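The block underneath contains the structure these notes are about, expressed in structure tokens.
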There are 4 protein chains.
Amino acid sequence: MARPQDPRAKIELLKAAEAVFVEHGLERARVEEITTRAGRSKGSFYLHFSSKEEAFRQIVETLVARLGSFVDEPPPPGPVDLEVLLRRQLERSIETFEFLWMNRGVVGLLMSGGGSAEFGYLIVELEQQYRQMIERWLRWGMAQGIYRNDMDADLISLALAGAYDSLARRVVKETKRPDLRGMLLEMERFVAHAVGTPEYIAQFDSMVNNLERKRNS
Amino acid sequence: MARPQDPRAKIELLKAAEAVFVEHGLERARVEEITTRAGRSKGSFYLHFSSKEEAFRQIVETLVARLGSFVDEPPPPGPVDLEVLLRRQLERSIETFEFLWMNRGVVGLLMSGGGSAEFGYLIVELEQQYRQMIERWLRWGMAQGIYRNDMDADLISLALAGAYDSLARRVVKETKRPDLRGMLLEMERFVAHAVGTPEYIAQFDSMVNNLERKRNS
Amino acid sequence: MARPQDPRAKIELLKAAEAVFVEHGLERARVEEITTRAGRSKGSFYLHFSSKEEAFRQIVETLVARLGSFVDEPPPPGPVDLEVLLRRQLERSIETFEFLWMNRGVVGLLMSGGGSAEFGYLIVELEQQYRQMIERWLRWGMAQGIYRNDMDADLISLALAGAYDSLARRVVKETKRPDLRGMLLEMERFVAHAVGTPEYIAQFDSMVNNLERKRNS
Amino acid sequence: MARPQDPRAKIELLKAAEAVFVEHGLERARVEEITTRAGRSKGSFYLHFSSKEEAFRQIVETLVARLGSFVDEPPPPGPVDLEVLLRRQLERSIETFEFLWMNRGVVGLLMSGGGSAEFGYLIVELEQQYRQMIERWLRWGMAQGIYRNDMDADLISLALAGAYDSLARRVVKETKRPDLRGMLLEMERFVAHAVGTPEYIAQFDSMVNNLERKRNS
DNA sequence: CATGAATGAGGGTTCATTCAT
DNA sequence: TATGAATGAACCCTCATTCAT
């Protein structure tokens, strides 16, 4: 298949498809509605996608791939500037939620399984990735001595992943952009208390004070 | 005088339907596959359900209703025996997860949205219920002085609900019954640290020790 | 098949079937509606009829057979008392229409073809019978010299049959019993003018006067 | 640029549908048989009709509409050239029966109610129209003094409509085109005798002689 | 490449008929 | 015999995909 003449065609189709998938789910989405919304012919759909599922896969895989890129690894063991780290983490999570918000249509679809059992593995894998990232951070924090040592890292990472997940679900259902920073800072505090040692919790509070001070200046 | 209705008929159909819905989702489930699995004729399905959706609704609503019954309210404000409360909560959550485990097929289907957008509202409502229950517990604990006072109860309840949700998702995907008690006790500890005052956290640990001692004796 | 125990069963089923056929036509009539209305079980239907069509056939054939019995042959050629004849014919046609009125449900069904192409032959045959009877009367009247001699008996009998047919269609659609005698006397007059010689027409009028005088006395 | 719509498609489908409806009636007609006969795919049917009933309606309503256009009104009261009128009426009725003959399939279906109760109202209305037209002619003739004055116009128009109806039923069942002119002229004569004054009847005969003389010259 | 007409497999539902009790 | 639960063939319509133009 040569590159289609009109490069906007595929993009428009993808946009329309996204909307229709979000509205009806993969199964109930009709190809004709997609092409009509894209202002194109029914046949044009098959110049760009080999099937309805293929289009869905492209949309979803693209999103999942980009979501995967937000995964952030803990630094190597050793001394670190915790405040810098905290700021970075906060910024990174804001970015992530910003992205979720911008793509709330498809993300919402994915999170409510709106595709089909067939594509569930994608979201499962993504959740795995995030959970594992969190687990690595947990283990890093435990090794650093800032997190409690008596935790089941596997289970707690699952719980934390779920907590963020549930935040994400709420965000993508909002109609007005929520205060992501406030929300995520509150989450950081929640996490700090949930897993931090008393010393770290104290330190965390002062770090947050610093952050806010700098921010307002 | 007539052939008596086979009392197993509906039950077998429901079981088969459940399995097929879990496997393919509402949309892709074929009535004929359901009846074949139930060892019955295609027409028999319509002796018991007016439509495929109706059968699905029956399965799902039944489950959701029973899940709703696991919601547990906090006691009225005032002095309480925290250890008794903890034990009760633990038992109640074990029961709940036991139930999820036993119904892991449909629960998994629901959690992965496998039905259809049409029935999504059920799971949304259920999540609401659980989150609100958690929020009421949070506010109770804050009023009792055992939980930190600087929390956004709405957000934190969402996070905690998500944490449990994610546990539930894992449990229903297991093939062997997990150690629910261990898992949920660990979750209690997680919650205690996440939201408890330092005093309560200390108390919590001793209460857990007590619980375990009594349990092993 | 032995004679059923309950002799009312079949009659009740036939009555119910008639009503349902009239209401929905053969095709759309549901066996279950028939049995329900008859206050019997679905299976009982098949104790009395081998199929839905069979029941329909029985109802319709019975009616058609009885309608066929109203056919009245002209007397042998030779001198006759025309007034007696006229009275007899009038009475006979009133009887016929009385019967149509009493069976207006099924008759209406038949006349509007409500059965199915499959049973159209019955009504066709019946119409044939009536037309032929009329033709025989026509030929008799022509031979007697009371009807015009320049008529195409085949065509005119068809026309007259149609005229009566159309009367019948109207009657069976009425909700209140119409004045059948008046209607049919008017039809006799119509026929007399249509096919009678001027002499017969004059005679007809005086005969009618006589009839009415005797009737009112 | 796309494959142009086959302009014969709808016409062929309509023709096939007509044949199948005539053969089996609306209810028993199978869409697949229609499309097969039209040499097309099952789905093509739905490119042109939204449902089986819709196709039936299109066929029937078209026919009924065209049949309705054959209704011919009497002239305003006053002196008229009866011979011209007679010729015109004869021609008009020949046209009508010609049309019936050409459309004998569907007309036969309609007349035998072969559609379904659902569409019976169409034929009822049509019969009404014709009967009312005849009634208007009757009243006109009575006012002109050429028809007898002692008639029940409502009843006699019904009878005459039935007479023509029955002719029509015969015509559409023929396999070879009947001598419509002869048949209808004979009907005119029948009508003249049935409703005309003795003077008009005499005049009618001479008019017919004139007509035939001119025709043969 | 672009179009949209044409295709036909697929599946939910109905309901006449059968048959175990 | 009477019942009504059970059966399964039948059929309409949808819609993803193909393909002639």
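In this text the structure is predicted, and so the values were computed from the model without any measurement. Below, chains carry the letters A, B, ... as their sequence lines are ordered, and counting in each starts from 1. Heavy atoms only: backbone and side chains are in, while hydrogens, waters and symmetry mates are out.
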* To do: Would you indicate which nucleotide in E:dA16, E:dA6, F:dC13 comes nearest to any side-chain atom of D:L47?
  => E:dA6
* Structure fact -> B:Q5 atom CD is separated from F:dT7 atom P, nearest whole Å, by 12 Å
* Asked: Base, sugar-phosphate alone, or nothing: which one does C:T35 contact when heavy atoms must sit under 4.0 Å apart?
  -> nothing
* Just how far, in rounded Å, is C1' of F:dC12 from OH of D:Y46? -> 5 Å
* Structure fact -> Out of E:dT13, F:dT7, E:dC15, minimum distance to the side chain of C:R30 belongs to E:dC15
* To do: Please report, rounded to the nearest Å, how far the P atom of E:dT3 is from the CG atom of D:D6.
  => 22 Å
* Could you tell me whether C:E54 and C:K10 make a salt bridge, using a distance below 4.0 angstrom between a side-chain N and a carboxylate O? => no
* Structure fact -> Closest to the 5' end of DNA chain F, once B:R40 and D:G43 are matched to their nearest nucleotides, is B:R40
* If pairs are Watson-Crick or G-U with both distances under 3.5 Å, what is the dot-bracket string of DNA chain E, marking crossing pairs with [ ] and pairs to another strand with |? -> .||||||||||||||||||||
* Presence of donor-acceptor pair under 3.5 Å, side chain of A:K42 and base of F:dT17 -> yes
* Asked: Which one of B:V106, B:L67, B:L63 satisfies the side chain to side chain contact (heavy atoms under 4.5 Å, CB included) criterion with B:L100?
  -> B:L67
* Length of the line joining B:H24:NE2 and E:dG10:C1', which is rounded to integer Å -> 15 Å
* Structure fact -> From CD of D:E27 across to P of E:dA16 the rounded distance in Å is 11 Å
* Roughly, in whole Å, what's the span from NE2 in C:H48 to P in E:dT17? -> 16 Å
* Would you find a donor on one side and an acceptor on the other, under 3.5 Å apart, between the side chain of D:S44 and the backbone of D:R40? -> no
* Atom CD of B:E32 and atom C1' of F:dG8: how far apart are they, to the nearest Å? -> 9 Å
* **Length of the NZ-P vector between B:K52 and E:dG11, whole Å** => 9 Å
* Structure fact -> Note: for D:S44 and B:A29 on DNA chain E, the residue whose nearest nucleotide lies more 5' is D:S44
* Asked: Would D:R37 and D:E23 pass as an ion pair if we require N to O under 4.0 Å?
  -> yes
* Which part of the nucleic acid, if any, lies within reach of C:A55 when heavy atoms closer than 4.0 Å are counted: base, sugar-phosphate only, or nothing? -> nothing
* Structure fact -> All heavy atoms of B:A55 vs all of B:F21, minimum pair found to be C-CE1, 4.3 Å
* **Options E:dA6, E:dA16, F:dT3, nucleotide nearest the side-chain atoms of C:S41** => F:dT3
* Asked: So do A:E18 and A:L14 actually touch side chain to side chain, heavy atoms under 4.5 Å?
  -> no
* **A:K52 side-chain N/O to A:A29 backbone N/O, donor-acceptor pair under 3.5 Å** => yes
